[in-house]
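Along the sequence shown, residues carry numbers from 1. Keep in mind that this is a model prediction, so the values were computed, not measured.
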Amino acid sequence: MRDILELVVVLSIICVVAAISLAKVYDITKDPIALQKRLARLQTVNAVLPPHDNEPDQNTVQIPPEPVKGKKNKPILIYKGLQNGRLTGVALEMTAMGYGGEIGVMVGLAPDGTIRGVEITSMSETPGLGAKITTPQFKQQFQGKSLESARFNVKKDGGDFDQIAGATISPRAVVQAVRDGLELYRKHKDTITR
């Protein structure tokens, strides 16, 4: 009986020490982790925005989610790029379902709704096939396009954008995410550019 009691005491002490250590490590690392996440987000936003002299995550607009039956949508955060206080462009992240799961797409727009840049923020597509959506050649085909100047489908579906041989689902998802971003911007342009 005494052996069991000693074992319980020792294990309890080990658990308390481990819990305190984990709490301390969390306290020490939470701010640096948050800073690195912010810098990574800013790097992606800056890559798709026109030239600006502000920190876009300090000038944002949140668009409430569109109600879709059976789907839980999140609000969309719009990052505003400013130069001398004047709007030069916006960036917004949209998602669409690819072959390997959800694909995150950051879309940068000029104030007139013309695409300035596209970056893939997250994806789990097949390496060597669907993952080619991250290549510069694929992303650059969106630059300069708008809802008025392009048909937002892949060429296989009668649109203007290249699909990837053997991996059409992934490019379709990116094109849909970009189109959704353009439509959201057009619908809420007055609120976003205010």
Side-chain angles (χ1 to χ4, degrees), residues 29-30 32-52 55-57 60 63 65-66 68-79 81 88-110 113-186:
T29 59
K30 72 177 181 182
I33 289 172
L35 176 63
Q36 290 306 312
K37 284 182 178 178
R38 178 180 178 249
L39 293 176
R41 172 63 59 167
L42 272 176
Q43 185 177 12
T44 304
V45 169
N46 289 334
V48 299
L49 277 178
H52 54 281
E55 293 187 11
D57 64 341
T60 60
I63 302 297
E66 297 282 329
V68 177
K69 190 176 181 180
K71 190 174 179 186
K72 204 172 189 179
N73 283 345
K74 297 183 292 188
I76 304 293
L77 190 62
I78 312 289
Y79 300 90
T88 61
V90 300
L92 54 136
E93 184 178 19
M94 304 301 290
T95 58
M97 194 55 69
Y99 182 77
E102 204 167 71
I103 299 174
V105 181
M106 185 70 75
V107 183
L109 303 172
T114 302
I115 297 170
R116 295 300 306 251
V118 169
E119 288 292 329
I120 306 301
T121 58
S122 62
M123 62 106 196
S124 303
E125 301 304 287
T126 308
L129 287 173
K132 289 182 179 176
I133 59 174
T134 61
T135 62
Q137 297 88 346
F138 182 78
K139 295 182 292 185
Q140 287 170 357
Q141 65 179 326
F142 295 97
Q143 287 182 352
K145 303 284 195 288
S146 67
L147 284 174
E148 294 74 27
S149 69
R151 294 170 294 162
F152 277 84
N153 284 309
V154 296
K155 289 180 179 172
K156 187 175 185 177
D157 300 334
D160 291 333
F161 298 96
D162 293 331
Q163 64 269 0
I164 296 167
T168 307
I169 295 171
S170 308
R172 277 185 183 136
V174 175
V175 171
Q176 178 189 335
V178 172
R179 182 181 58 231
D180 290 349
L182 288 167
E183 289 173 350
L184 182 133
Y185 178 73
R186 180 160 65 186

(Q) Can you give me the closest heavy-atom contact between A173 and A96, atom names plus distance? (A) O-CB, 3.2 Å

Q) Where is the tightest heavy-atom contact between A91 and M106, given as atom of each residue plus distance? A) CB-SD, 4.1 Å

Q.
Restricting to side chain to side chain donor-acceptor pair (under 3.5 Å), what partner residues turn up for R186, sequence neighbours left out?
A. E148

Q: Supply the atom-to-atom distance L147 CG to E183 CD, rounded to the nearest 0.5 angstrom.
A: 5.5 Å

Q: Go through the steps to decide whether R41 and D57 satisfy the test salt bridge (Lys or Arg N to Asp or Glu O under 4.0 Å), and finish with yes or no.
A: CA-CA 9 Å; R41 172 63 59 167; D57 64 341; over 6 Å; no

Q) So, for P56 and V45, which heavy atoms are closest and what is the spacing to 0.1 Å? A) CB-CG1, 3.8 Å

**Q.** ring-ring contact (aromatic ring centres under 6.0 Å, His included) partners of Y185, counting only residues at least two apart
**A.** none

Q.
Within this structure, what is the CD-CD1 distance for the pair Q36 and I33, rounded to the nearest 0.5 Å?
A. 9.5 Å

Q. Side chains of V105 and I120: closer than 4.5 Å at any heavy-atom pair?
A. yes

Q. Which residue pairs satisfy the salt bridge (Lys or Arg N to Asp or Glu O under 4.0 Å) criterion with at least one member in residues 116-136, sequence neighbours excluded?
A. E119-K139

Q) Can you tell me how far the CD1 atom of I133 sits from the CD1 atom of I169, to the nearest 0.5 Å? A) 12.0 Å

(Q) Let me confirm one number: the NZ-CD1 distance from K74 to I63, rounded to the nearest 0.5 Å. (A) 15.5 Å

Q) Which heavy atom of T114 sits nearest a heavy atom of S146, and at what distance? A) CA-CB, 4.3 Å

Q. Under the 3.5 angstrom rule, does the side chain of Q141 hit a backbone N or O of F138 as a donor-acceptor pair?
A. yes

Q: Output, in order, the C-alpha distance, side-chain angles, deciding distance and verdict of side-chain contact (heavy atoms from CB on, under 4.5 Å) for L77 and L92.
A: CA-CA 6 Å; L77 190 62; L92 54 136; over 6 Å; no

For residues 159-166, run the donor-acceptor check on the side chains, cut-off 3.5 Å, and write out each pair with its distance to 0.1 Å, sequence neighbours left out.
| unit_1 | atom_1 | unit_2 | atom_2 | d |
| --- | --- | --- | --- | --- |
| D160 | OD1 | R151 | NE | 3.1 |
| D160 | OD1 | R151 | NH2 | 2.6 |
| D160 | OD2 | R151 | N | 2.8 |
| D162 | OD1 | K155 | NZ | 2.7 |
| Q163 | OE1 | K155 | N | 3.3 |
| Q163 | OE1 | K156 | N | 3.0 |

Q. For residues 163-181, which residue pairs qualify under salt bridge (Lys or Arg N to Asp or Glu O under 4.0 Å), counting only residues two or more places apart or in two chains?
A. D157-R172

Q | ring-ring contact (aromatic ring centres under 6.0 Å, His included) against Y79, all qualifying residues, sequence neighbours excluded | A | none

Q | Nearest non-hydrogen partners of A150 and K145, listed with the distance | A | CB-CD, 3.7 Å

Q) So, the side chain of T88 versus the backbone of G81: is there a donor-acceptor pair under 3.5 Å, distance only? A) yes

**Q.** Contact summary for G130 and A167, nearest pair of heavy atoms
**A.** N-CB, 3.6 Å

Q.
Tell me if a side-chain donor or acceptor on T44 pairs with a main-chain N or O of A40 at a distance below 3.5 Å.
A. yes

